[in-house]
Amino acid sequence: MMDNEKKVSPVSDVGAWAMNVVSSVGIIMANKQLMSSHGYAFSFATTLTGFHFAVTALVGLVSNATGFSASKHVPMWELLWFSIVANMSITGMNLSLMFNSVGFYQISKLSMIPVVCVMEWILHNKRYSREVKMSVVVVVIGVGVCTVTDVKVNAKGFICACVAVLSTSLQQITIGSLQKKYSIGSFELLSKTAPIQAVSLLLFGPFIDYFLSGKFIIYYQMSSGAILFILLSCSLAVFCNVSQYLCIGRFSAVSFQVLGHMKTVCVLTLGWLLFDSAMTMKNIMGMFIAVLGMIIYSWAVELEKQSNIKAHSHSKNSLTEEEIRLLKDGLQNIPVKDVELGESKE
């Protein structure tokens, strides 16, 4: 039975990452068609995220009702705290994109990896090996080379970027810590947080979108094509949300951030293939460096894991001098018993 679990585990790990990459890239492509001026010009990103969580909450409700997943207790204050942080992340990202240049927005997204590392060190006293730190630097440089263009900074945009980065990093760390703290599965936790996020985003989302775009969703001329792409976006969001919780629960927030940049590489490649986006030598070089960094990161994490296992087994099998002395004293003081008669012999 244990052998089967060991064989299945790497396959399910790859499956979780594959689901996250495919659904994330798919949702970006669907939203690009839905929100661009050349598509359906649906410029209500925050409200659309509310739709995403509403559909996810509905799926969770059906899953609990049919017995597919079990509901475990998590204190309401923890769920509310998490939902506030998650919604700050979504709003902060949208505001950061609005007030900053694309170049600075990309830099702020790249800064999440070191921020997550520092926050995990502060909150959970987690330390990283030199190899992991080096691989993270390679990934950040690679993605930076292929995505960062113009960099313009202003005070308002900088504050929004800081809020977005801190709240997103904290949200991803909290997903993992809540799962461990309450021994709750990724889908069960998502089922509890999604309804709160859906209600709050659908209530406040239209006003945030009005502030961002100057348009109210009630005046948008809905077409059958727009409805189709909204439904497609919501369906992909369910897989995207589930796989995010699944990946962070199985691995860590840092791993999710590092390997998550594979999505950036995929989006750039698909943009070139499907939307005739320009692909320069700078983009290709950056993508190559980023992928190389991800490979080094995977190797570094595996190396760290193996060294931890060896250290744990060594500490488990080795006795301290004090333990050896106590063991000797104990053996000397124990009276020898006759096996057959059960009598003590001095």
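Values below: every heavy atom of this structure, side chains too, minus hydrogens, waters and symmetry copies.
- Summarising the geometry of Y220 relative to Y40, their closest heavy-atom pair is OH-O, 2.5 Å, with the distance given to 0.1 Å.
- Judged by distance alone, with hydrogens and angles left aside, the side-chain atoms of S24 form no donor-acceptor pair with the main-chain N or O of V21 at under 3.5 Å.
- Of the possible donor and acceptor atoms, none in the side chain of T168 sits under 3.5 Å from a partner among the backbone N and O of V165.
- For M19, the CE atom is densely surrounded, since the number of other residues' heavy atoms within 6.0 Å is greater than 12.
- Not a single donor-acceptor pair under 3.5 Å links the side chain of N241 to the backbone N or O of T56.
- Put simply, the side chain of S233 never gets that close to the backbone of F229: no donor and acceptor are under 3.5 Å apart.
- A donor-acceptor pair under 3.5 Å is absent between the side-chain atoms of T91 and the main chain of M88, judged by distance alone.
- Remark: side-chain polar atoms of E188 are not paired, donor with acceptor, to backbone N or O of S183 under 3.5 angstrom.
- Side-chain atoms of I27 and H52, non-hydrogen and from C-beta on, do get closer than 4.5 Å to each other.
- One N or O on the side chain of S177 and one on the backbone of T174 form a donor-acceptor pair closer than 3.5 Å.
- Residue pairs meeting the salt bridge (charged side-chain N to carboxylate O under 4.0 Å, His left out) criterion with at least one member in residues 77-95, sequence neighbours excluded: E78-K181.
- Side chain of S169 to backbone of L166: no donor-acceptor contact under 3.5 angstrom is found.
- Between L232 and A30 the shortest heavy-atom distance is CD2-CB, 4.0 Å.
- A search for ring pair (Phe, Tyr, Trp, His ring centres under 6.0 Å) contacts involving Y210 returns F216, not counting sequence neighbours.
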